[in-house]
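Beneath this line is the structure, given in C-alpha cells, with notes to follow.
In each ligand, atom 1 is the first atom listed, and ligand 1 is the first ligand listed. These numbers come from a predicted model, not from an experiment.
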Amino acid sequence: MLDILRRIVQEVNLAKNLEQALNVIVTRVKNFMNVEVCSVFLTNELDNEYVLMATDGLNPDAIGKVRLNHDTGLVSLIATRAELINLADAVTNPRYQHFPEASEEGFHGFLGVPIIQHRKVLGVLVIQSTKIQKFSDDDETFLITVAAQLAAAIVHAEASGGISGLQQPNNKSQHEQEAKPIHGLPGAPGVAIGTALVMYPPADIDAIPDRFVDDVENEVKIFNAAVEAVAQDIKKLSERLKSVLPEEDRALFDVYLLMLNSQAMSGVTRDRIREGNWAPGALRDTIQEHEKVFREMEDSYLRERADDVRDLGRRILMHLQEESQNNIEFPENTILVGEDISASMLAEVPTDKLAGVISVRGSRTSHVAILARAMGISAVMGVTDLPVGKVDGRMLIADGYSGRIFISPSDKVINEFKILVEQEESLSDELMALRDLPAQTEDGIKISLLANSGLLSDITPSLQSGAEGIGLYRTEFPFMSRQKFPSEEEQRLIYRQVLESFYPRPVTLRTLDVGGDKALPYFPIVEDNPFLGWRGIRITLDHPEIFLVQIRAMIRASIGLNNLKILLPMISNVTELNEALGFIHQVYGELLEEGEEVVMPEIGVMIEVPSAVYQAGNLARRVDFLSIGTNDLTQYILAVDRNNARVAALYDSLHPAVIRAILQVVESARAHDIPVSVCGEMAGDPVAALLLLAMGIDSLSMSVSSLPRVKWVVRNVTRERARQILGDVLLLEDALSIREYLNETFEKAGMGGLVRAGN
Ligand code: PEP
Ligand code: MG
C-alpha cells in the first residue's frame, strides 16, 4: 500500500495543474480500490459550496456542474463535520442528493473522506460501488491516508494553476491577473514589488525551476557541452576501475553512455529546450519522466534503474550549474525565492538589487528573516504552497506585513500596493521625527532603545534611527560570508568599525553563536536535533582556539574607545559561564602582559533557555548584565521550533509562560542590582514592548526598522498605565487573548496603526 501511495503522490506532484492532479487521483484510487467510481469535490469558499472537480466513473460532463451547498448532500456533511461517512446504501440516506446529470444511478456503497490541510477542509474524496455493502476498515484507513497525503499536493497544484512553466514570464493571462494570493508568514515588514529569482540547492533535480530562455540554440549548445563533459567523466571512471572491475561489470558504464546519448534522454531534452525552457528545466522534465517509467515497472531489477537515470541527471545538472552559477543575472528589485533560503544565499545578491525574500521554509524568527529586517527588505516565510519551480522571472509582490504573495499581479493590485508603500513611507517619516527625542514615558521613565546588528551595511541605518547603541551585534553574520574562519586581525577591523561608529555609545558584541539554523559553510554540523545540539557557547567552549581569538579581537578593537560589552549566547548552566569567564580573563591578562592598554569590558549572559531563567540569580551574580533572547527562549519554553511554519501559530512570545519567565529574570537582575535588557524580536513588537517597559526592563534592542514605532509607544504612555495593562495581561491565560487585549487597548488609545502595520 505504501508503494502505491508513494507512486500516486509522486505523480500528483508532477502534475502541471490542478485538473491533471485531480485526474491522476481519481483514476489511480479507483483502480487500486477496485471500485466503480472515484470523485473529488473541492470547497468553493466564496459561494459556500462543494463542486465536483474530477471523476472517474460518473458522467464527466457533470464536472463543474454538480454543486452542493453546505446543508445538502452527503459530501457537504462530510466537509462540515470533517468526518468520514461510510454507507452500505447511500441512496436510502435522507441526506443523499441525486444528480441525474452525473449518471449516478446504480451506485450504492459510498465512502467519503474529508481532504484537510492546516485544519481547513479543502474538499472531499469519494468512492462509490454498485454493491450494497459498507466499505471495510482497511478501505477507510487507506482513503484517509490518501486524502491526508494529497491535501498538500492539491493546494500546490491549485497555486500553480494558470502558471504555465514555459510562458514568457511577463505574459499575464487573464487567469493569472485574477489569481488569489498565496499565504505565508510575515517575516520582515515592507512590501517588495519585483522579479523572482529562484535559488536552489546544487544537484537537486526536483528543485530546478522553469526559466524562459530567448537564445534556445545557445542553450542547446550549453546542454550538449554538459552531456559531453559527463560522457568524458564516465569514460574516465570506467578506465580507472579497469584493474578492479571485470569487463562485464564495467559494461554498466557503456549502458550509461548509451542512455546519455540516446534520443530518449538527450534528444528529448534538446526538443524541450527548443520549446523555450532552459537546459536544467528541460533536463528535469526528462529525468522525472524516465524515472517514473522505470519506477512503475514490475521487475525489481528494472525498477532500480530509476536510480541510474537520476544519477545521470544529477551529473549533467552539476555541469550545467557550474556554467549557470557564473552567469547569474540579478534583475533590478530581485525577490529571492527558494525552498529554504539561508542567510548566506541572501548575502549572494548585491544589496542594491535586493528587494525582498520569500522562503518556503522558516518563520519570523528564522535568521534569514532577522537578516532581512536588518537590511530593511521585506520577507515572507513559510510559504508552503508556493509553486517555487514556476515563478522564476515572474513579477511578484511580497507583502511582508501580512505574509501574502501575489504572482504576476494585475496592474490594479500593483497600484494598491504602491499606495500602501507610500502610506508606510509617510508614517516612517513622521516616526523619524522622533529620532533625536528620548525614549521616555509621559511620566518621565527612560528606557534605552538599542539596535540589533550584524552587518557592516546596517551601521548607517542604525545610527540614523537614533539608536542609543548596539544592544546585540551577531558576530556570526560576518563569519557566514567568508570561506574560512576570519583571522584575529580581520575580526578586529570589523569590530573596530562598529565600536568606532557608535562611540561613545555602547556596543554589545555577542560571541559566535553558530549551530541551530546558522551554519558556516566551512564548518558543517550535521545533527538530528540542531537546536538542542552543538550550538553557541557549547561550540566555542569546545574550540577555545576560536573563542580566544574572537575575545582578543573584541578587546583589542575597543582600545581607546572602551565602549565594548561582551555577550555570551546559549548559556544553560553555571559551569559554562565560569569557563567562558575564565577564558575572557585569560585573554585580558595576556593582553595586559603584552603591554596593550586594554580595559576589561562588561560581560553579560543571554537568558534564552529555561534553565537560565531558573538560575538567573546564580548567573547574575557573576556578570555585569543580563540580556533576554526571547527568540530562543520562546522556542525552548513552548517547545515550538522557531523555524517551522507548520507550528508557527503556536510560537508567540506573548504566551503567559514566556511573560512569567521574563518577569522572573527581571526579579533576579534586580536582586543582584544589574541591568537587564531584551534583545529578541519581542523587543521590537510595539505591544510587547509596552509590557517589557512595565516590567522594568532597562533596555530594548531590536531591528532598526522597529525602533521608531517602539519609541512612539514609549513616549505616548505612562509607566503607571503600562503597569495596569501588564496587570490585566497577567490575568489572561493564553497568548491569543493577550494579543487581542493589547491590540484592542492600542486601538482605543488611537495607536492601532502601529499594530496593524506590523513592526
Ligand atoms: C534570541 O534568541 O532571542 C536572540 C536574540 O538570538 P538569535 O535570534 O540570534 O538566536
Ligand atoms: Mg538566540
Straight-line distance of Ile571 CD1 to Leu626 CG, nearest 0.5 Å: 11.5 Å

Ring centres under 6.0 angstrom apart (Phe485, Phe523): yes

Side-chain donor or acceptor of Asp698 paired with backbone N/O of Val676 under 3.5 Å: yes

Closest approach to the Mg ion (ligand 2) by Asp632, given as the N, O or S atom name: OD2

Candidates Arg535, His367, Arg642 - the one meeting side chain to side chain donor-acceptor pair (under 3.5 Å) with Asp517: His367

What are the polar N/O contacts of ligand 1 with the protein below 3.5 Å, with distances?
unit_1   : atom_1 : unit_2 : atom_2 : d
ligand 1 : 2 (O)  : Glu608 : OE1    : 2.9
ligand 1 : 2 (O)  : Asp632 : N      : 3.0
ligand 1 : 2 (O)  : Asp632 : OD2    : 3.0
ligand 1 : 3 (O)  : Gly629 : O      : 3.3
ligand 1 : 3 (O)  : Thr630 : N      : 3.1
ligand 1 : 3 (O)  : Asn631 : N      : 2.7
ligand 1 : 3 (O)  : Asn631 : ND2    : 3.4
ligand 1 : 6 (O)  : Arg510 : NH1    : 2.9
ligand 1 : 8 (O)  : His367 : NE2    : 3.4
ligand 1 : 8 (O)  : Arg474 : NH2    : 3.0
ligand 1 : 8 (O)  : Asn631 : ND2    : 2.9
ligand 1 : 8 (O)  : Arg642 : NH2    : 2.8
ligand 1 : 9 (O)  : His367 : NE2    : 3.0
ligand 1 : 9 (O)  : Arg474 : NE     : 2.7
ligand 1 : 9 (O)  : Arg474 : NH2    : 3.4
ligand 1 : 9 (O)  : Arg510 : NH1    : 3.3
ligand 1 : 9 (O)  : Arg510 : NH2    : 2.8
ligand 1 : 9 (O)  : Lys518 : NZ     : 3.3
ligand 1 : 10 (O) : His367 : NE2    : 3.4
ligand 1 : 10 (O) : Asp632 : OD2    : 3.0
ligand 1 : 10 (O) : Arg642 : NH1    : 3.0

Under 2.8 Å: N/O/S of Glu608 next to the Mg ion (ligand 2): yes

Non-hydrogen atoms of Glu576 and Asn573 that approach each other most closely: N-OD1, 2.8 Å

Donor on one side chain, acceptor on other, Ser363 and Asn643, under 3.5 Å: no

Test item: side-chain donor near acceptor, Thr575 and Asn578, under 3.5 Å: no

